[in-house]
Amino acid sequence: MEENKTVKQTNFIREIIDEHLKTNKYEGKVHTRFPPEPNGYLHIGHAKSICLNFGIAEDYNGLCNLRFDDTNPAKEDVEYVDSIREDIRWLGFDWGDREYFASDYFDKLYEYAVELIKKGKAYVDHLSPDEIREYRGTPTQPGKNSPYRERTVEENLELFEKMKNGEFNEGDCILRAKIDMSSPNINMRDPAIYRIKKATHHRTGDKWVIYPMYDFAHGLSDSIEGITHSLCTLEFENHRPLYDWFLDELNVFHPQQIEFARLNLTFTVLSKRKLLKLVNEKYVDGWDDPRMPTISGFRRRGYTPESIRNFADKIGVAKRDSVVDFALLEHSIREDLNKRAQRVMGVLNPLKITITNYPKNQTEELEAINNPEDETMGKRLVPFSRELYIERDDFQETPHRKFHRLAPGREVRLRYAYIIKCEEVIKDEQGNVIELLCSYDPETKSGSPNANRKVKGTIHWVSAHHAIDAEVRLYDRLFSEEFPEADKEKDFTEFINPNSLEILKNCKVEPFLKDAKPGDRVQFERKGYFCVDTKSADENNLVFNRTVTLRDSWQKLLKKG
RNA sequence: UGCCCUGUGGUGUAAUUGGCAACACGUCUGACUCUGGAUCAGAAGUCUCCAGGUUCGAGUCCUGGCAGGGCAGCCA
């Protein structure tokens with residue numbers, strides 16, 4: 001028997017690693033890390049990076065660390081640390097006891113800085129922030145040396161010590177690497193290594209008033225942890241020479257930084273700043289709003305970790321920036337839920353029907369299949385009676401030419417039950433259809449020998465007396481534009497889909513759902529995949545979130561006209 | 001107008017490292033169906049950004065263009 005395991009596609013990163021393995025650059029070791037800054041919630045773009053880093057470690061029998069890049073106390077918070085841990089765990093990855101913080105290395109990093117000063121490779125600069133910017137030059141013009149650049153080692157040592165001891169104010173001075181103010185790479189124009197920030201750090205408290213900059217802290221943290229392959233996004237490409245410079249000057253273990261393109265997704269935005277705006281300005285209901293592209297949002301929406309991991313595999317990794325079709329994500333979740341989700345009948349917009357020739361007060365228990373894709377999930381009984389609810393749009397008074405569900409005088413099968421015929425349409429004074437009177441054909445009960453008469457359509461239903469009330473939240477894409485950030489004149493919030501959430505209050509679902517627990521996922525047949533909301537649902541109040549619709553060739557047909 | 005990176009069907013990735021372009025999503029047909037779902041069968045769509053060059057042979061190598069992205073935080 002052939003293993004039908006999905007073959008992991010190779011990519012340029014794996015090729016580099018293979019090469020390193022061949023040349024024994026890191027003695028056969030592969031050690032990665034996922035290094036979030038705890039200043040926001042993780043989103044699907046981070047999921048790509050998480051899957052990449054943990055996935056590679058796993059495939060190469062290596063390890064992947066979790067390291068919080070917490071070098072800026074002004075922006076970071078423990079709330080984010082907690083959410084990040086939860087999200088990674090939920091995705092199914094385990095960093096064992098290798099949970100680190102850049103702040104764990106502050107002492108070591110300070111020593112490294114001192115070492116650089118001693119080598120004459122760093123100096124304390126008293127230029128103001130404005131002056132520094134001025135001295136830096138521009139991409140096309142070289143910068144010029146700071147007047148403080150030639151301070152002696154002793155002077156720098158003393159000044160840096162004073163910085164550490166809080167003898168200067170924020171902005172008075174910084175520690176800079178001494179590299180080359182005329183470098184075509186701006187990152188090499190004497191970049192800042194340490195700045196003064198008199199803020200309380202979420203872990204080190206008030207121990208420090210100086211904090212290392214990303215470029216300094218990140219590479220050295222990688223080095224300290226013995227990271228072999230430091231994967232990051234494209235915007236750090238120009239930082240690699242600096243990453244290498246620190247490691248070389250300090251003569252320490254030298255990881256290989258490799259850059260890849262960050263994820264972009266149609267119909268969504270994925271920048272922390274913009275996501276924060278959506279949250280702060282209440283366009284959505286928090287970081288875990290089911291419309292948010294955050295991991296917590298997808299979780300609450302009903303996405304499975306597996307579907308997100310499969311998605312990450314499918315999109316691959318490369319260096320060119322690209323935009324992934326949101327449909328691929330939807331495909332991933334449908335593919336997963338199709339195999340696993342319990343089928344159930346739920347009527348979202350109920351229309352009452354009465355089977356006039358069905359005995360009053362009679363109830364039948366009809367057998368229904370829990371998942372046609374998975375026999376082991378078995379069957380259940382669904383109560384049937386004289387009064388039922390069907391979906392409003394499964395009836396058309398004057399049917400579209402290709403509509404093959406219920407219409408006056410027409411027949412349709414009630415799933416797992418009988419074929420019925422619409423005999424009479426009852427309307428209120430305004431002319432709204434409020435009820436249908438139907439007849440049923442007792443010979444056509446599902447499973448019985450004479451049941452095989454063909455009708456054009458099968459619809460779902462729920463017994464009026466047995467139904468459970470539920471609220472259903474129909475979520476759709478948050479943005480109505482494929483590229484919400486493309487318009488330079490308009491803010492991306494102008495493209496928020498006004499119909500991204502529709503709340504249905506009096507839905508009727510089959511009694512099977514009476515024991516549904518928050519987080520449970522089901523398929524409402526013919527409608528889509530739904531999950532019980534984890535925040536607003538309780539025992540007397542069932543709330544379902546729509547994860548994704550089923551593929552709908554009827555809607556497609558309608559669009560074509 | 002400096003430096004760095006990237007250009008392969010509509011979209012995302014492949015191509016045994018120089019051997020006549022593949023997979024997935026999407027789209028379209030058809031079959032099947034007690035979910036207009038799923039499944040199955042099939043189709044269309046890329047002369048690999050352009051122009052030269054090397055070679056028996058180039059998406060892969062060379063040269064020159066063009067296009068897109070990134071970089072001037074005491075953010076990461």
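Each chain gets a letter, A, B and so on, in the order the sequences are listed, and its residues count up from 1. Keep in mind that what you see is a predicted model, and the values were worked out from it rather than measured.
At whole-Å resolution of the value, NE2 in A/His239 and P in B/C75 are 13 Å apart.
Counting non-hydrogen atoms under 4.0 angstrom, A/Leu328 reaches the backbone sugars and phosphates but no base. Counting any heavy atom pair closer than 4.0 Å across all strands shown, A/Pro36 reaches no nucleic acid atom. If you check every strand for non-hydrogen atoms under 4.0 Å, A/Asn238 touches a base. A/His404 comes within 4.0 angstrom of a base, heavy atoms only. A/Tyr194 comes within 4.0 angstrom of nothing in the nucleic acid, heavy atoms only. Heavy atoms of A/Lys197 sit under 4.0 angstrom from primed sugar atoms or phosphate atoms, though from no base atom. Among the heavy atoms of the strands, none lies under 4.0 Å from A/Glu330. At the heavy-atom level, A/Gly447 lies under 4.0 Å from base atoms of the strands shown. Contacts of A/Glu37 with the nucleic acid, taken as non-hydrogen atoms under 4.0 Å apart, involve only primed sugar atoms and P, OP1 or OP2. Note on A/Arg413: a base of the nucleic acid sits closer than 4.0 angstrom, heavy atoms only.
Salt bridge A/Glu391/A/Arg405: absent, no basic N to carboxylate O contact under 4.0 Å. Between A/Asp336 and A/Arg340 there is a salt bridge, with a side-chain nitrogen of the basic residue lying less than 4.0 Å from a carboxylate oxygen of the acidic one.
Phosphate proximity of B/U27 to A/Lys556: present, with a side-chain N or O under 4.0 Å from OP1 or OP2. Distances shorter than 4.0 Å separate some side-chain N or O of A/Arg195 from OP1 or OP2 on B/C75. For the pair A/Arg320 and B/U8, the criterion of a side-chain N or O lying under 4.0 Å from OP1 or OP2 is met. A close approach under 4.0 Å does occur between a side-chain nitrogen or oxygen of A/Thr71 and OP1 or OP2 of B/A76. Contact annotation: A/Ser553 reaches the phosphate of B/G37 (side-chain N/O to OP1 or OP2, under 4.0 Å). Contact annotation: A/Arg551 side-chain N/O to B/G36 OP1/OP2 distance is not under 4.0 Å. Residue A/His460 places none of its side-chain N or O atoms closer than 4.0 Å to OP1 or OP2 of B/U35.
Taking atom C1' on both nucleotides, B/U46 is separated from B/C3 by 33 Å, rounded to a whole Å.
Ranked by how close their nearest RNA chain B nucleotide is to the 5' end, A/Leu414 and A/Asn39 are led by A/Leu414. Sequence order on RNA chain B of the closest nucleotides to A/Pro139 and A/Arg334 puts A/Pro139 first from the 5' end.
The base of B/U39 is not paired with the side chain of A/Glu373 by any donor and acceptor separated by under 3.5 Å.
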